[in-house]
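Atom set for the values below is all heavy atoms of this structure, side chains included, hydrogens, waters and symmetry mates excluded. Just so you know, these numbers come straight off a predicted model, no measurement behind them. In the text below, chain A, chain B and the rest are named by the order of the sequence lines, each starting its count at 1.
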Amino acid sequence: MRKLTDILEERISAAMGAVIGKNAPALVRPAADAKFGDYQANGMMAAAKQVKTNPRQLAENVVAAMEIADICEPPEVAGPGFINLRLKDSFLAERLLGIYRDAERLGVDKAETPKIVVVDYSAPNIAKQMHVGHLRSTIIGDCIARLYDFAGHTVIRQNHIGDWGTQFGMLIAYMKAQYPHLLDHPASAQIADLEAFYQNAKQLSDDNESFAKQARQEVVQLHNHYPETMAIWKQIVDQSRQHYQPIYESLNITLTADDERGESFYADQLADVVAELKVKGLAVESDGAVCVFPEGFKNKDGQPLPFIIQKSDGAFLYATTDLAALRFRVQDLKAETVIYVTDARQALHFQMLFAAAKMAGWVDERITLEHVTFGTMLGADGKPFKTRTGGTVKLKDLLDEAVERAKAVVEEKNPDLPAEQKAQIARAVGVGAVKYADYANNRNSDYVFSFDRMLSLDGNTAPYMQYAYARIKSIQRKAAGKEVDIQNELNGLSALLLTEPAEKDLAKLLVRYDQAIAAATEEYRPNYLTSYLYDLAQAFSRFYTACPVLTAQAPHRPTRLLLCDLTARTIRHGLSELLGIEVLDQM
RNA sequence: GUCCCCGUAGCUCAACGGAUAGAGCGUUGGCCUCCGGAGCCAAAGGUUAGAGGUUCGAAUCCUCUCGGGGACGCCA
């Protein structure tokens, strides 16, 4: 189904064209306040200014000229020249039935021009535990990937894992020492504690010169692809994956091992990247390092700022790897849009990366490059989120605690459920709360992390959303006991009876799901989606309080059953498909 | 020093250039013979850090000031 705002925009703009003799946007938006109706057209004031006429008069003329009687009640002109639109009950009903029939997509159209979209997110470091610093990239990136998937684009997820570099020398040397029979019995190696493994290797490397020397040799052998060294390296990567893949699973993240394209993948392309940039005259030597100087960037002395792609000792850097990756994504993956989800501190790096890639001619104006940034997670003290002792908070510990706290709540509210079900609810609520709290914030703001708030049963939280869903499911379960056959009442339903304000408010939100998704997708802003879902859940709660469903009189009941069904499906879709947060039939 | 992000109710946060800036928490007061009260209704609470400017219209765009965070040559 076409987006309602698009239809209204088109109809009103056409009328404006007829009245003023030139094109001007109608600027249709959901109404700022219910008393102004359901939608409003804001474009009259600007258009009137342009053609030097009275905006209210223009609005009146446009209202007279536009044809929307099939959608809206007679429009009203208000204030300085707003056109206020109120949906007809008949249109609303038709729209709801259309959404009901479109079980797959809930009436949300795909993008008109599907594109190949690369989304680069998560990027954990091999041989280190995932910590809270990885959380936002992982979940925001995953939501963006899901949104683009749903819009019908070809999404290529890229997990740019940190699986290469000099630190692997000491890791490989340490692995050899720990598991001397590794090559004969690869399965014998099990790194129980990644963090300890890394720390021990580093300690040894710092303290023991002969070990450090061996580590440096391993780096050389790694770069030269010695089979034995490569085998051990692969073991370390595989072992690390055993630690982070379960975290993706518990977070309900769509990344798989197939999406991994780490730094190692580009290792052999780096020399060529530098060579190509040199040949093109873009890379020059400066203080012994090879640099690109993109236009418009200055350092603290006002001198051109270098984008260093090769150190004076000959080693490559992450700038080089990122250039290789970008070239690969455009030339081999045929990406038309590349989205990087990393924290805001890397903004300058990506600006320079994009500029350099454009200078090299790898990226032209048909290709969209986006750096989707986000702020820092803060503790209750307003400082970056740390453990009490000042250490980094491991993601696993964070999620465990959230689930633990959720479990206590379930235990209190619903002690009689089977233990296994309580555990499952606790997982869905705990992990959902962590994710939802992140999504609900404007990603650019720093935000204060609080278990108490995110697990609160009131307010814009995962538990509130999950509760709204569970209540609908409860109604549907109870239907059978009251001899209400939902399928029978909904099948072949061809008209609705929307009488109560709470019914109409809920209906009007249900037909706006597409608009919320579009806004979230265009701006890479999951909080537009959570905010819509919260409005929807609230509207449902009001409806639930005001309008009995199962005991309603015959002409009302099918409509209310439909509203319940669509609300449940919309919440389920938004939460589960787009945000990766589980819904529960009972909690 | 230059650049980037942020500054909105007591607290945590919304607001896709539009009308009287919205939620939740907290505070105060209502609502359970009825589908899950993990709910609903209502009240109080604001010079959108400040000053200019652009615009028919600014929390939003521009300039400056103040405050917080961050980036700025061989880490990622």
Side-chain angles (χ1 to χ4, degrees), chain A residues 27 29-33 35-36 40 42-46 48-49 55 78-82 84 123 125 162 165 263 286-291 297-302 305-313 315 317-319 321-322 342-349 351 373 375-376 378 382-384 409-410 412-414 437 440-442 444-448 450 452-453 456-461 463-464 466-468 470-479 481-482 484 515 518-520 522-523 525 527-528 530-531 534-535 538 541-542 544-552 564 586-587:
Chain A
L27 302 177
R29 306 278 184 270
D33 190 310
K35 69 177 177 247
F36 301 133
Q40 59 184 55
N42 297 336
M44 303 316 126
M45 286 79 83
K49 181 77 182 175
F82 295 101
N84 289 339
N125 295 318
E263 294 169 350
S286 168
D287 292 341
V290 181
C291 308
F297 296 91
K298 287 180 184 151
N299 70 7
K300 41 190 141 181
D301 304 319
L305 187 64
F307 192 55
I308 302 176
I309 58 175
Q310 188 168 20
K311 300 190 338 187
S312 49
D313 67 2
L317 303 92
Y318 79 129
T321 308
D322 276 347
T342 82
D343 69 281
R345 287 175 304 191
Q346 297 187 50
L348 181 61
H349 167 72
Q351 281 176 31
T373 57
T376 312
L378 307 175
K383 292 180 177 152
V409 179
V410 179
E412 180 199 325
K413 299 286 181 185
N414 239 334
N441 279 290
N442 180 333
N444 276 320
S445 316
D446 295 344
Y447 84 97
V448 177
S450 160
D452 288 337
R453 244 194 339 270
S456 164
L457 312 158
D458 311 295
N460 189 8
T461 65
Y464 179 90
Q466 288 164 323
Y467 175 63
R471 284 213 291 191
I472 302 174
K473 287 290 145 186
S474 175
I475 293 176
Q476 294 173 340
R477 273 196 306 276
K478 291 239 158 68
K482 305 208 174 189
V484 176
Q515 208 265 340
E522 279 159 27
E523 307 277 323
R525 291 275 296 273
N527 71 306
Y528 286 159
T530 56
S531 144
Y534 181 53
D535 288 346
Q538 284 190 121
S541 281
R542 286 184 206 110
Y544 181 90
T545 306
C547 306
V549 177
L550 297 176
T551 57
C564 286
Q586 268 184 289
M587 61 187 285

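Using atom C1' as the reference point in both rU8(B) and rA58(B), the two lie 14 Å apart (nearest Å). Atom name C1', nucleotides rU28(B) and rU63(B): the rounded distance is 45 Å, in whole Å. Taking the C1' atom of each, rA21(B) and rC34(B) are spaced 39 Å apart, rounded to whole Å. Spacing of C1' atoms, rG24(B) relative to rA42(B), comes out at 16 Å, to the nearest Å. Spacing of P atoms, rG53(B) relative to rA59(B), comes out at 15 Å, to the nearest Å. rA19(B) and rG1(B) have their C1' atoms separated by 44 Å, given to the nearest Å. Nucleotides rC41(B) and rU60(B) place their P atoms 32 Å apart, quoted to the nearest Å.
Nucleic acid contact class of Ala347(A) (heavy atoms, under 4.0 Å, all strands): none. Among the heavy atoms of the strands lying under 4.0 Å from Tyr464(A) are primed sugar atoms or P, OP1, OP2 only; no base atom is included. Among the heavy atoms of the strands lying under 4.0 Å from Leu348(A) are primed sugar atoms or P, OP1, OP2 only; no base atom is included. Nucleic acid contact for Ala46(A): base, since at least one base atom lies under 4.0 Å from a heavy atom of the residue. Looking at heavy-atom distances under 4.0 Å, Phe297(A) makes no contact with the nucleic acid at all. As judged by a 4.0 angstrom heavy-atom cut-off over every strand, Ile308(A) is placed among the base-contacting residues. Counting non-hydrogen atoms under 4.0 angstrom, Asn299(A) reaches a base of the nucleic acid. Gln351(A) comes within 4.0 angstrom of no nucleic acid atom, judged by non-hydrogen atoms across all strands. Residue contacts for Glu412(A): at a heavy-atom cut-off of 4.0 Å it reaches no nucleic acid atom on any strand shown. Here Asn441(A) lies in heavy-atom contact (under 4.0 Å) with sugar-phosphate atoms only. Asn442(A) comes within 4.0 angstrom of sugar-phosphate atoms only, judged by non-hydrogen atoms across all strands, and of no base. As judged by a 4.0 angstrom heavy-atom cut-off over every strand, Lys35(A) is placed among the base-contacting residues. Across all strands, Pro55(A) comes closer than 4.0 Å to no nucleic acid atom at all (heavy-atom distances). Counting non-hydrogen atoms under 4.0 angstrom, Asn125(A) reaches nothing in the nucleic acid.
Here rC16(B) sits opposite no nucleotide as a Watson-Crick or G-U wobble pair (both hydrogen-bonding atom distances under 3.5 Å). Pairing of rU27(B), defined by two Watson-Crick or G-U wobble distances under 3.5 Å, is identified with rA43(B). Pair assignment for rA38(B) gives none, since no Watson-Crick or G-U wobble pairing has each distance under 3.5 Å. A 3.5 Å limit on both hydrogen-bonding distances identifies no Watson-Crick or G-U partner for rC32(B). Under the Watson-Crick or G-U wobble criterion, with both distances below 3.5 Å, rA21(B) has no partner in any strand shown. Pairing for rC64(B) is with rG50(B), a Watson-Crick or G-U wobble pair whose two hydrogen-bonding atom distances lie under 3.5 Å. Across all strands shown, nothing is found opposite rC74(B) as a Watson-Crick or G-U wobble partner with both distances under 3.5 Å. Under the Watson-Crick or G-U wobble criterion, with both distances below 3.5 Å, rA9(B) is left unpaired in every strand shown.
Side-chain N/O atoms of Tyr467(A) and base N/O atoms of rA38(B) include no donor-acceptor pair closer than 3.5 Å. Counting distance only, with no hydrogens placed and no angle test, the side-chain atoms of Gln40(A) and the base atoms of rA19(B) include a donor-acceptor pair under 3.5 Å. On a pure distance criterion of 3.5 Å, no polar donor-acceptor pair joins the side chain of Asp535(A) and the base of rA14(B).
Across the protein-nucleic acid pair, Gln538(A) atom CD and rG39(B) atom P stand 11 Å apart, rounded to whole Å. Per the geometry, CZ belonging to Arg471(A) stands 11 Å off P belonging to rC35(B), to the nearest Å.
Donor-acceptor pairing under 3.5 Å is recorded for the side chains of Asn444(A) and Thr373(A). Remark: the Arg471(A) side chain and the Ser541(A) side chain contain an N/O donor-acceptor pair separated by less than 3.5 Å.
When the nearest nucleotides of RNA chain B are assigned to Tyr534(A) and Ala32(A) by heavy-atom distance, the more 5′-ward of the two goes with Ala32(A). Judged by closest nucleotide on RNA chain B, Lys300(A) is the one of Lys300(A) and Ala78(A) placed further toward the 5' end.
Out of rG73(B), rA76(B), rG18(B), the shortest distance to the side chain of Leu317(A) is found at rA76(B).
For rG73(B), the glycosidic angle deviates from 0 by 90° or less, giving a syn base. With its glycosidic angle within 90° of 0, rC32(B) adopts the syn conformation.
A stacking contact links Phe82(A) to rA19(B): the aromatic ring centre lies within less than 5.5 Å of the base's six-membered ring centre, and the planes differ by less than 30°.
To the nearest 0.5 Å, atoms CD (Gln466(A)) and OG1 (Thr461(A)) are separated by 8.0 Å.
Between His349(A) and Phe307(A), the angle of the ring planes lies from 30° to 60°, which puts this pair in the tilted group.
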